[in-house]
There are 2 protein chains.
Amino acid sequence: MVSRTESAAATRRELVAAAAELLDESGPEGVTLRAVGARAGVSRGAPYGHFPDKEHLLAAVAEQCWTGIGDELDRLLADHDLPPAERLERALAGLLDIGRRRPHAYALMFGPASNASAGAAAAVSRTHDQFLSIVSGVIGDPARARQSGALLMTSVHGVVSMENAGHLGVEKWHATGDQLLRRLIGLLAADRSTGDDA
Amino acid sequence: MVSRTESAAATRRELVAAAAELLDESGPEGVTLRAVGARAGVSRGAPYGHFPDKEHLLAAVAEQCWTGIGDELDRLLADHDLPPAERLERALAGLLDIGRRRPHAYALMFGPASNASAGAAAAVSRTHDQFLSIVSGVIGDPARARQSGALLMTSVHGVVSMENAGHLGVEKWHATGDQLLRRLIGLLAADRSTGDDA
DNA sequence: TAGTTCATGTGACGTTGTCATATGAAGACC
DNA sequence: GGTCTTCATATGACAACGTCACATGAACTA
């Protein structure tokens with residue numbers, strides 16, 4: 001019925017899924033190899049047949065998250081009826097969304113663990129390329145688009161990160177993360193400077 | 001010679017200093033209560049006489065870092081010969097600097113641990129107020145200054161965070177963190193829009 | 001059918017955070 | 001000065017953790 005390689009691949013998938021679920025439910029402290037194994041229906045030592053250590057299991061979770069975002073960006077890029085500005089807005093909204101609904105997974109994605117495995121790093125790189133492509137649809141000039149894309153990406157990350165850490169209280173800054181990003185998008189869209197910063 | 005309260009206070013200081021040193025030298029994994037105690041010249045259980053648990057010891061480290069930045073911003077604010085624009089630039093440079101020279105301490109400062117103790121949260125709040133005050137010297141309109149300050153703070157944090165996690169490679173984005181922030185400052189300075197974003 | 005491979009289960013080890021308890025010196029009171 | 005109290009620190013112990021060495025048994029191969 002099930003070949004050995006199929007079964008092993010299924011176990012690997014279940015391990016990654018179990019780790020992701022535990023991360024969402026209980027945060028990083030809840031992700032123990034024993035708990036992951038139990039939820040995946042295997043023992044505590046089983047992960048070592050698929051990953052060299054815990055860090056690489058977490059890297060696989062990060063890779064899965066990045067791949068999910070990448071697929072979403074692919075769908076946005078494939079929809080040619082979508083105005084470029086709205087495409088960018090939806091891409092940013094997707095990032096904000098995962099940052100708010102899955103804060104622990106988000107922290108993992110933007111943490112050093114994403115560079116622990118080659119697969120995860122590739123998933124990150126792919127998503128960055130897609131995001132730059134989406135920004136290029138709005139900005140035009142390639143060099144300017146890259147810099148604007150970088151500024152958008154870092155700003156979105158800064159907003160989500162400070163929100164999740166409780167450092168972006170509206171009562172202090174008189175602004176929500178969404179307002180900040182809308183402002184930044186407006187600034188970038190209205191920018192008519194030359195682009196040389198000597 | 002040394003009263004009991006003096007000795008206890010000195011031990012507490014040494015524990016926080018030892019934790020900060022270990023954090024800088026070996027990252028979060030290097031900060032074990034045993035190692036902290038050993039470096040501070042006490043035993044592994046001594047921290048429990050000063051902090052309810054490890055998280056609060058780390059919060060004390062974060063508080064110390066924030067207080068250090070706050071003192072630096074105070075010096076900038078006290079120097080009335082300083083042009084407001086340069087004052088802001090130095091404030092931002094100070095944040096970038098600690099983010100790059102002490103990446104683990106920086107991550108702790110902007111992590112959830114900073115909200116674990118009331119003292120740490122107060123140090124964060126003080127620094128945010130000072131930063132907003134510095135931004136107000138450049139922007140003028142109070143509401144606009146707050147929003148610009150928030151955008152600057154989140155963007156700086158996003159840049160440093162992605163740099164430290166290895167997600168801001170210059171070869172991909174064609175931009176360094178400094179260039180991104182200079183661009184953002186330029187955009188904010190050149191902004192002449194109304195301020196309503198309906 | 002016999003032999004090989006390999007995913008998985010299990011026992012064990014060192015390390016960690018944390019607590020209960022013991023100790024011993026500093027401060028308070030007569 | 002002697003006695004009692006207080007409290008910072010030291011020590012032993014425990015459960016949980018990541019990790020490894022080894023055992024097991026079923027899936028492949030010949």
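Keep in mind that what you see is a predicted model, and the values were worked out from it rather than measured. All values below were derived from every heavy atom in this structure, side-chain atoms included, with hydrogens, water molecules and symmetry-related copies excluded.
- With contacts defined as side-chain heavy-atom distances shorter than 4.5 Å, the pair A:Trp173/B:His128 qualifies.
- In this structure, A:Arg12 places its CZ atom 17 Å from P of C:dC6, rounding to the nearest Å.
- Counting only N and O atoms by type, the side chains of B:Ser161 and A:Ser161 include no donor and acceptor under 3.5 Å apart.
- Between A:Glu29 atom CD and C:dT16 atom P the separation is 18 Å, expressed in whole Å.
- Annotation: the span from A:Leu187 atom CG to B:Asp191 atom CG amounts to 5.0 Å, rounded to 0.5 Å.
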Yes or no on salt bridge (Lys or Arg N to Asp or Glu O under 4.0 Å) for B:Arg183 and B:Asp178, after CA distance, side-chain angles and deciding distance?
CA-CA 9 Å; B:Arg183 172 103 188 273; B:Asp178 305 79; over 6 Å; no
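- Comparing atom distances between the B:Ala46 side chain and each of C:dT18, C:dT8, D:dT9 picks out D:dT9 as nearest.
- Comparing atom distances between the A:Leu33 side chain and each of C:dG17, C:dT10, D:dT19 picks out D:dT19 as nearest.
- For the atom pair CZ (A:Arg75) and CD (A:Gln130), the distance works out to 10.5 Å, reported to the nearest 0.5 Å.
- Here A:Ser43 lies in heavy-atom contact (under 4.0 Å) with a base.
- Annotation: side chain of A:Phe131 is in contact with side chain of A:Leu92 (closest heavy-atom distance under 4.5 Å).
- What separates CD of B:Glu14 from P of D:dA8 is a distance of 16 Å, to the nearest Å.
- The CG atom of A:Leu57 sits 10 Å away from the P atom of D:dT19 (whole-angstrom rounding).
- Remark on the helix from C:dT1-D:dA30 to C:dC30-D:dG1: inter-end axis angle 0°, axes from five-pair C1' superpositions, rounded to 10°.
- Nearest nucleotide to the side chain of A:Tyr48, out of C:dT8, D:dC17, D:dT19: D:dT19.
- Note on A:Val36: nothing from the nucleic acid sits closer than 4.0 angstrom, heavy atoms only.
- Residues B:Leu15 and B:Arg44 each lie close to DNA chain D; by heavy-atom proximity, the contact nearer the 5' end of the strand is made by B:Leu15.
- Protein atom CZ of B:Arg13 is 15 Å distant from nucleotide atom P of D:dA8, rounded to whole Å.
- Comparing D:dG18, D:dA10, C:dG9 by their closest approach to the side chain of A:Val42 singles out C:dG9.
- When the side-chain nitrogen and oxygen atoms of A:Ser7 are compared with OP1 and OP2 of C:dA7, none of them lie within a distance under 4.0 Å.
- Rounding to whole angstrom units, CZ of residue B:Phe51 and C1' of C:dC19 are separated by 18 Å.
- Nucleotides of DNA chain C nearest to A:His50 and A:Arg34 differ in position, and the one nearer the 5' end is that of A:His50.
- Classification of the A:Trp66-B:His167 ring pair by plane angle, with boundaries at 30° and 60°, yields tilted.
- Across the protein-nucleic acid pair, B:Lys54 atom NZ and D:dA16 atom C1' stand 14 Å apart, rounded to whole Å.
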